[in-house]
Each structure stands twice: as C-alpha cells, then as structure tokens.
Amino acid sequence: MSVRVRFAPSPTGFLHIGSLRTALYNYLFAKHHGGTCILRIEDTDRTRFVEGAIEEQISSLAWAGVTFDEGPHVGGNHGPYTQSERFDMYREYGMKLVVNGTAYYAFDTAEELDAMRVRQQAAGIAPKYDRSAMRNQYTLGEQETQRLLSENAPHVIRLKVPLHQDVRFSDEIRGEVIVNGREIDDQILLKSDGFPTYHLANVVDDHFMEITHVIRAEEWLPSTPKHIILYQAFGWEPPTFAHVPLLLNPDRSKMSKRHGDVMVRDFAKKGFFPEALVNFVALCGWNPGSDNEFYSMQELIDTFTLDRVNKAGAVFDYQKLNWMNGEYLKRRDVHDLARELHPVLVERGYTYIDPAYVAEVIELVRERVAFLGDIAEFADYLFGDTLEPLTETGAASLSGNDTLTTALDTFRQGLDAASLADADAFKGLAQRAAESAGIKMGAFMKPLRLVLTHREVGADLFRTVQLLGHTRCLARLNAYLSR
RNA sequence: GCACCGUUCGUCUAGGGGUUAGGACACCGCUCUUUCACAGCGGUAACACGGGUUCAAUUCCCGUACGGUGUACCA
C-alpha cells in the first residue's frame, strides 16, 4: 500500500514554525516513500476562524518548499479537503456510533459541566465527564432522550469509552503506549452547533482519505487513545501513528511568541533563506546519524526516516539558526544573491548597484554577515556616494595627528597621480605613504579605513579601495583632508 | 491532582554493555594576513539520581527526581 500522509492545520492564524516542521516531516516521509502528501484544513471551530489564514499558511509552506499532492488548493480525488465542506459526513458517522452503542446523547449545559469539574476538583479527583450523574441518554432514559431530541433541545454526542479496557497502540517514535480506559474522557464528538470536534473529524477524514501514517506533534499523544477507540467503534483499521517531539522555548516550555519569532512569515521577513530554515528545523529533533549539517531538500527526502526522529523536545536555538543562514549566504551563487539584494539597494536609494558590481561587493563581504539584507547596511559605503557621519571615537582617533594627515595626503597624491587598478597596487601605495610619513602600516590602515568608509571594521581594505575606485576614494580623502 | 511522554556538554545532537563519550552552535585562547574582522588551530564543558542484571553499565530493567504535554462543545 502506498504511503499517504496529511498535514492538517486549522486556519486560526499564521503558520507556526513548529507546524512547518511537522508539515516538513510529513512531506519528507511521503516523498521518501514515493507517497502522497495531503493538506487538509481543520476548520471545525467556527469561533476561531481567521480570514486569509489558509492562504497565508499555504504560501508560507510553499516558500519553505513544502508542497502538497492533494488539498483544497490543488484538488485530488479524496476531497473535499476542508472539513467545513464535509459537514454532513461527520453527523452521519457520529450517528452510526449512537446507533451501534459506542456514542450517546448528552444535554448538559456549559454551566452544568463547569459545576461538575468544580465538584470533582474539590473532591480531589480527575476532571472527567461523569456519565452516570450528568444529563444524558443513560441517566435520562430513552423516552426522555427522544422527547428532548424532538423538542430540538441543545445536545452533543459523546464517545462512550469502554471503562474496563486498556487502550494500546504502537507509536513509531515512542513505541508501545498503553492507557487504561478509566483514564479516558467521554469526549464530545459532535458539538451542539452540529460541527464535529477534532477527534471525530480527524478519524473520519483520515479513514476516508486513506491516510496510512499520522505524523503529528507530541501534544496529540494524550488524546490518541480516544482516536483508537473511535477506530474500534467504527470497525476501521487505525493508521500508524508517529508523534514528533515539540519545539521548545529556552525555558523548555512549548515554543511560543514570548521568546522571539515563531511564525514562518516572521523568519521570511527577517531575511532567512528558506533552505536554511528548512535545513535547521529538519535537524531539530531528527538527524541522519552523520556529522554533516547541510542538507538540500532532496537530501532530506533521501535520508529521512521516522526511526531517527528523537523522543525529547528540542530547544529552538535562534543563534545557531543565524549561523546556518550565514553558511547558506556563503554558499549561494553571488549573482542570484545580487539579484535578490537589488530591490533593497534600490529602496535605500543607492547609486552603485550595477549587478556585476553588487556581486563583487557581496563576494567581498558576505562572510562577515549572516543575512543578505545585512550587506546593504554593512557595505553602504560601497553602494552610495555619501557616508554616514563619523562616530565620535572615530573622529577622535583621527584628529590632532600631523604625521597621519601627512600619510593620508601622500596616499591621496599617489592616487591622483596614477591610475591604479588592483588591490596589491593600492596596498603598495599605502605602504609607501605610511613609510614616508614614518608610521607603521598597521597604524595607517585603521585611519585610512575610517576616512574611506567611516567604519572601523570591514572587509579587506584594499579590495574595498579597488571596488570604491579612484573617484570615490579621492573624493572621500579630499573631503577629509580639506575639512 | 491525575494520565501520558521525556532526560548525553549552556543549546542541537552522534554513540551505545568494555570509547580518551564524537560533531555543530555559543564561549575562551592562539596563529595568520604589517588593521578590525574572516579563516585556521586549540581549549573549557555532558551521560539527572538510586537500586538491580552483568565479569563489565552512560548504554538493559525498576524506582526516584526533574521537566514537558494533556486533562475544553480548541485544534
């Protein structure tokens, strides 16, 4: 049987980085096995629906390179792929369970349920639907139940959990999991608004969409026994489950907004390369058993297996992600990068943005920054005519030093006299200028950089001079010397 | 509280009955290009604890501790 997996987000907002990883693992697993990766929208909670969320999530996924073979946006022959469009199915299958005695009607109000939980907490017992004391099919009797139903009294359908039975399943990542039936709540399957809960919809859909492997976040592990019971109640074969570990905050709680960016769109906006993010996130909780840390999507597909997914949650290390992005910056094709950087340079109003020139600048400085966008800022003196003002300490280090001024002036005259073209020639010129003024080369380079770029750090100085060219160097030297 | 899941350097991880417990990020140091960086080299740093099993346990088993998740008419 061919592998079929699904990623099933709910349209409640932007795509979370943890969701991206779950989607990625599904995608990698499917592609590794030549299977099918399906997108399903779980929009059964009408109160949390966010307009545009589906489109945003799909585009975030596509940005990262995760695409789907079936889904609301691409079709497929197991649709519809949006749960709200499958509304009738859930009612139908929920009713089948009522008929076969594995689910039942309940009429409790929210207040009654709250009161029940308060009572249970006060008594020190686990909050759980009390089938024998609440208002339901069993306590009310068939007649009263039918009467309430005929009156259209608000009601839900609950799963009748077998109390004296261990529920067991084998998780691909965690192994055998066994839970006693008495620990499992009589979960609501159909809400009073007629919509299914996640639990029912998920099981019905996974069955009819012929899902073979459910790869989802660990937070679903505690409710999996309910799903197993549902499969049993329907007489269906459950899929294989694999619960992947959570992405964590530095304090080891579930990764959330409080500690930094968590939405995929935020990472994109910050300038992360999708390849770097995917590479990094794939390695958070999985690794192929090799020291290599760099994987293209195809290499991930080739090497991904569930048995190498870790059990423990992984703290999301932003610092290491930055490093990885820098590595991609160093490896990417400079001309592609120049093209990508172009709009930023235009926006900043720079004049020296010829593609070939920009590529040279990128080549020169990219090993010093982690983001492509940083280059515009880092090397602004190479893209524009005007310099940012000197810092106070920079200005102070230049002032009141006549020999330095002499050396700078000598360097300027040398530039003026000859048309030098390569970095070594500029270096020779600088050496002679320093020597004739009687200062060390080392003492000359820093001020020279300062005058030419108004920065204390930067790429190789003489390559910088070369890229700047005679005109701009002269202009800057003159501006300083005649201040 | 109860249930489930987890625990190798600060972080991501490799490993696995007998290893100098490996790599990466971060951090520190050194070297180098007569500058700042980059790079290269080196360093600090881990098997949560207690019992078993075994000739031998970080590795297997059981507890404990700690942490996480779940405990909704949310997903």
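Below, read A as the first sequence line, B as the second, and so on, with proteins coming before strands; counting in each chain starts at 1.
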Heavy atoms only, 4.0 Å cut-off, all strands: where does [X] land among base, sugar-phosphate and nothing?
X: A:Glu456; value: base
X: A:Arg174; value: sugar-phosphate
X: A:Leu461; value: base
X: A:Lys311; value: sugar-phosphate
X: A:Arg308; value: sugar-phosphate
X: A:Gln121; value: nothing

Item to complete: Between B:G1, B:U34, B:C4, spot the one nearest the side chain of A:Val179, thanks.
Response: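 The closest nucleotide is B:C4.
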Worksheet item: Looking at B:A14, B:U35, B:C4, which one has an atom nearest to any side-chain atom of A:Val177?
Response: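 Ranking B:A14, B:U35, B:C4 by closest atom to the A:Val177 side chain puts B:C4 first.
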Discussion item. Can you tell me the base-pairing partner of B:C66? Count Watson-Crick or G-U wobble geometry only, both distances below 3.5 Å, and say none if there is no partner.
Written reply: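 Paired with B:G6.
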Worksheet item: Is there a Watson-Crick or G-U wobble partner for B:U71 with both distances under 3.5 Å, and if so, which one is it?
Response: B:G1
Worksheet entry | is_close_aromatic(A:Phe294, A:Trp323), centroid dist under 6.0 Å | yes
With [X] via side-chain contact (heavy atoms from CB on, under 4.5 Å) - residues at least two apart:
X: A:Ala314; value: A:Cys284
X: A:Val334; value: A:Ala359, A:Ile362, A:Glu363, A:Arg366
X: A:Pro127; value: A:Arg117, A:Gln120, A:Gln121
X: A:Pro239; value: A:Val214, A:Tyr231, A:Phe241

Discussion item. Going by the rule ring pair (Phe, Tyr, Trp, His ring centres under 6.0 Å), which residues pair with A:Phe371 if we only count those two or more places apart in sequence or in a different chain?
Written reply: A:Phe272
Item to complete: If a pair satisfies side chain to side chain donor-acceptor pair (under 3.5 Å) and one of its residues is in residues 438-462 of chain A, list it, with sequence neighbours excluded.
Response: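 Residue pairs passing side chain to side chain donor-acceptor pair (under 3.5 Å), neighbours aside: A:Asp380-A:Arg455.
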Fill in: Contact list for residues 181-197 of chain A, test side chain to side chain donor-acceptor pair (under 3.5 Å), sequence neighbours left out
A:Arg46-A:Asp193, A:Tyr104-A:Asp186, A:Arg131-A:Asp186, A:Gln187-A:Lys226
Practice prompt. Kindly write out the residues that satisfy salt bridge (charged side-chain N to carboxylate O under 4.0 Å, His left out) with A:Arg412, not counting sequence neighbours, or none if the list is empty.
Written response: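 Per chain and number, A:Arg412 pairs via salt bridge (charged side-chain N to carboxylate O under 4.0 Å, His left out) with A:Asp409.
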Worksheet item: Got A:His243 and A:Ile173 here, is their nearest side-chain heavy-atom distance under 4.5 Å?
Response: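 When only atoms from C-beta onward are counted, A:Ile173 and A:His243 do not touch, as no gap falls below 4.5 Å.
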Side-chain atoms of residues 49-57 of chain A: list all donor-acceptor pairs with protein atoms under 3.5 Å, sequence neighbours left out, distances to 0.1 Å.
unit_1	atom_1	unit_2	atom_2	d
A:Glu56	OE1	A:Leu15	N	3.2
A:Glu56	OE2	A:Ser60	OG	2.9
A:Gln57	NE2	A:Ser10	O	3.4
A:Gln57	NE2	A:Gly13	O	2.8

Starting at the 5' end of [range], put B wherever the base has a protein heavy atom under 4.0 Å, S where only the sugar-phosphate does, and a dash everywhere else.
range: nucleotides 43-49 of chain B; result: -------
range: nucleotides 64-75 of chain B; result: ----SBSSSBBB
range: nucleotides 21-31 of chain B; result: --SBSS-----

Discussion item. Work out how far the C1' atom of B:U11 is from that of B:A3, and round it to whole angstrom.
Written reply: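 Their C1' atoms lie roughly 30 Å apart.
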Practice prompt. Could you measure between the two P atoms, the one in B:A26 and the one in B:U7, and give it in whole Å?
Written response: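 Those two atoms are separated by 26 Å.
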